K.L.:
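Sharing a structure, written as structure tokens. Questions coming.
None of the values given here were measured: they were computed from a predicted structure.
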Amino acid sequence: MHKQRSKLLLVPIILSLLFGAAPLNDILAQDNNEEMSSLRIVGQAERLPSEIIADRDDNRDINGNLTAGLRIVSDLTGLQFRSNNGIHKVQQLPGYNLLYLSTNERVVSIYKDGYPPFQLVLNDEGINLEAGEVWEIQVTGDQKSTMEPVRFNVDPENSTIFIDGEEFEIDGTVYDAELTTGDHFIQLRKDRHEFIDDSISVFADRPNFFTYNLEEINPVAVLINSSPSGASIYLDDEPGARGVTPLRVNIYPGNLKIRLTYPGYSNVEDEFEFTGENPELSYNLQRYIGYLTVNTTPEDATLLIDDQPQSQRENIELVPGAHILEVRSSGFDPVRRTVDISQGDSLVENVTLGQITGNLFVIAQQENTEFTLRKDGQLQEEWVGSKTFRNIPVGNYQLTAELLNFDTQTREFEIRRNDDEEISIDLSQIQGRGSLTINSVFPDAEVKLNGPGFTRTYDETPVQLPSLAFGRYQITIEKDGFDDVTSEVQVNSLSQEITFVDEFQPRSKGKAVLRSVIPGAVFPGVGHGYLGKGGRGWLYFLAGGGALAYSIKSYVDYNNSYNKYQTALDLYNSAPAGANFDQLKSDYRGHYATANDALDQMKLGLTAYIAVKGVEIVDLLLQKSNKKKLEDAKVQFEARNNGISMRVNF
């Protein structure tokens, strides 16, 4: 079945529907062939700062929000994609597919004949979707295939064919190629003709012939808008402007270049494949202004521009021209300089204030030793191996040296004016792997463990790790209604156990009630969420929010009716002799009655909202305190450890 050019953007969705059974087929294939190849990620995901998704209506999701881009590079063909929130559209380009996704998308499923489905979890690959941003990730896999001859008959002659995104010119009406067995994506193009996009299957046991006919098409009248209007419009490589926005022009479907220029604003350049489905293109032009970002050392230094203190440091908007930049901080020499900002500049100024300094020489007897340098408890720098520090600020420092399977050492010292401080570190070696048991008074607490080459999450305790490489690990325990508990442990013995009991800090009902008032006055349910009762919190949020919304609507109705009443009353009081006073009186009395009814409804809504808040606060006060939960959990924990069978309800 051939897909015409006007349906280009629907092709990925239609293909997804046509091949909807692909996941089940792959699962059945996997049952029959346990050695079937798998798709896999190559390397790491990378954000492409030079690529953006153009701010156009056809690049917005169903909620009207600008999408993000996910470029999937692969040496495989015939890839299909699905996502939880639906893929807005897919562009198949040479060597990669560009997926337009909602920014709240979390998982993309990838399908390929002969492979089991592959779940691409974006967060696991370090991908954080933002509107307009483009990320790139590479997918590959191994599968046996053969090369087979394929013939394409295309009318009219001298058309262009794209096979899996690779472009070929057809000399005449016949094009012969050799393709691997399996699915391929075909695109046929010729100026002023309808495009064809098709998915074909190449087989090894039969001839592979495909015939296509591209029909001539007419241009589409497109309205080009901009904000502000009056921008000059340049299309493709035409030497002059077509006119200024808003302007309706005839455009043939195909590759389209648009450039908009307007004095005092940055140029807008857009290049995309025009399908003819969107009869209006709108662009927002940005003011052409200079931006200044100032990085200071120390970070808390005072920044002034033209003698005016600045509260922000990044992207300060300035009128193009010369400006006086001044940085001050107690105990440092001030810096004052002139900076020139041009239109469109994003200038970055790094200002380091002079300070009294000394020198530090760190010598590592083990070359891979990891060092952490702190000043007055604040982290200064981390590095590996010996290092020399010239002109570091004077003061009290703490140096910690760590190395896997070695004892950790910590030295405290002072840097003095123009002095040289030399520290030599020789660590004592330990070797082996040990076991670590993590226990908690709450067996359903969530445990997160981070260490050298090790990051895992566990849903319950105790957590038993029988073989863990010697080193330092960070443990974080989360429990609803309690503050998170974070601790570090050094695994350097054959068997260790760490138990969290009194470390849990219960969240109090008093603070929960306070949160139900501020900001809970507008958002009911905050207090319950703080106590770890999110389900009840949502109920109060919906009930209180509904009552508050009803009150606001009633107030708007009251205000409108009261204004109508005042207008009708003025007409009655200023009516000339002979006017229909009975009708005028009936009008203003009717609006007055309507206003009173709306006022009563507003009072009713406010009463309901206050009632919800009252019930919410009373419910919070009646909740069993988390402190009591902790005490009950301690009793049950002690019973478990002593082999006593009992249950404490809480």
K.L.:
Has the side chain of Q92 got a donor or acceptor atom that lies under 3.5 Å from a matching backbone atom of G165?
P.N.:
no
K.L.:
State, with a plain yes or no, whether a side-chain heavy atom of I258 is found less than 4.5 Å away from one of Y283.
P.N.:
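In short, these two side chains touch, coming nearer than 4.5 Å.
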K.L.:
For a quick check under 3.5 Å, do T594 and S561 share a side-chain donor-acceptor pair by atom type?
P.N.:
no
K.L.:
Using distance alone, with no hydrogens and no angle criterion, decide if D75 and T140 have a side-chain donor and acceptor under 3.5 Å apart.
P.N.:
yes
K.L.:
Can you see whether E238 engages Y234 through a side-chain donor-acceptor pair at a distance of less than 3.5 angstrom?
P.N.:
no
K.L.:
Measure up the Y262 and Y265 rings against each other and bin them: parallel (under 30°), tilted (30 to 60°), perpendicular (over 60°).
P.N.:
perpendicular
K.L.:
Quick one: CG on L303 to CG on L292, what's the gap to the nearest 0.5 Å?
P.N.:
7.5 Å
K.L.:
Looking only at atom types and distance, does a side-chain atom of N208 sit under 3.5 Å from a main-chain N or O of V202, one as donor and one as acceptor?
P.N.:
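The answer is no, because no donor-acceptor pair under 3.5 Å joins these two groups.
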K.L.:
For the OG atom of S229 and the CD1 atom of I224, what is their distance to the nearest 0.5 Å?
P.N.:
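Here the interatomic distance stands at 14.0 Å.
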K.L.:
With distance as the sole test, does T245 use its side chain to make a donor-acceptor pair with the main-chain N or O of L247 at under 3.5 Å?
P.N.:
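Checking the backbone N and O of L247 against the side chain of T245, no donor-acceptor pair under 3.5 Å is found.
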K.L.:
Taking 4.0 angstrom as the limit, do R189 and D197 come out as a salt bridge?
P.N.:
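The answer is yes: the pair qualifies as a salt bridge.
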K.L.:
Flag yes if more than 12 heavy atoms outside N63 fall under 6.0 Å of its CG atom; otherwise flag no.
P.N.:
yes
K.L.:
Check the side chains of T261 and N267 for a donor-acceptor pair under 3.5 angstrom, ignoring hydrogens and angles.
P.N.:
no
K.L.:
So H88 and Y100, would you call those rings parallel, tilted or perpendicular, with 30° and 60° as cut-offs?
P.N.:
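Plane angle over 60°, so perpendicular.
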K.L.:
Can a donor-acceptor pair be found, under 3.5 Å and without considering hydrogens, that links the side chain of D459 to the backbone of E446?
P.N.:
no
K.L.:
Side chains of N284 and D55, heavy atoms from C-beta outward: is any pair under 4.5 Å?
P.N.:
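Side-chain contact under 4.5 Å: yes.
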K.L.:
When you measure from the side chain of D183 to the backbone of S201, do you find a donor-acceptor pair of N or O atoms at a distance under 3.5 Å?
P.N.:
no
K.L.:
At what distance, to the nearest 0.5 angstrom, does CG of N153 lie from OH of Y212?
P.N.:
10.5 Å
K.L.:
Go through the side-chain N and O atoms of N158 and K190 and say whether any donor and acceptor fall under 3.5 Å apart.
P.N.:
no
K.L.:
Tell me whether the count of non-hydrogen atoms from other residues, nucleotides or ligands lying under 6.0 Å of CD in Q44 goes above 12.
P.N.:
no
K.L.:
Kindly check if the number of other-residue, nucleotide or ligand heavy atoms within 6.0 Å of CG (N563) is above 12?
P.N.:
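Counting other residues, nucleotides and ligands, CG of N563 exceeds 12 neighbours.
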K.L.:
First locate atom CG of L39, then atom OG of S109, and finally report the distance between them rounded to the nearest 0.5 Å.
P.N.:
11.5 Å
K.L.:
Check whether any side-chain N or O of S346 sits under 3.5 Å from a backbone N or O of Y291 as a donor-acceptor pair, and report yes or no.
P.N.:
no
K.L.:
Out of curiosity, D306 CG to I324 CD1, how far, rounded to the nearest 0.5 Å?
P.N.:
6.5 Å
K.L.:
What's the verdict on salt bridge (charged side-chain N to carboxylate O under 4.0 Å, His left out) for R337 and E349, showing C-alpha distance, side-chain angles and the deciding distance?
P.N.:
CA-CA 10 Å; R337 67 177 66 159; E349 286 287 322; 2.8 Å; yes
K.L.:
For the backbone of V139 and the side chain of S74, can you confirm whether one donor and one acceptor N or O come within less than 3.5 Å of each other?
P.N.:
yes
K.L.:
Once the angle between the rings of Y562 and Y565 is folded into 0 to 90°, is it parallel (under 30°), tilted (30 to 60°) or perpendicular (over 60°)?
P.N.:
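Aromatic pair Y562/Y565 classed tilted.
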K.L.:
Say you draw a straight line from CG of D236 to CG of L256; how long is it, rounded to the nearest 0.5 Å?
P.N.:
5.5 Å
K.L.:
Would you say the side-chain atoms of Q310 pair up with the backbone N or O of Q312, donor to acceptor, closer than 3.5 Å?
P.N.:
no
K.L.:
If you count heavy atoms of other groups shown closer than 6.0 angstrom to OH of Y555, is the number above 12?
P.N.:
no
K.L.:
Examine the side chains of S102 and D61 and answer whether a donor and an acceptor come within less than 3.5 Å of each other.
P.N.:
yes
K.L.:
Determine yes or no for a side-chain-to-main-chain donor-acceptor pair under 3.5 angstrom, with T67 supplying the side chain and R60 the backbone.
P.N.:
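Between the backbone of R60 and the side chain of T67 there is no qualifying donor-acceptor contact (under 3.5 Å).
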K.L.:
Within a strict 4.5 Å, meaning less than it, do heavy atoms of the N255 and E271 side chains meet?
P.N.:
no
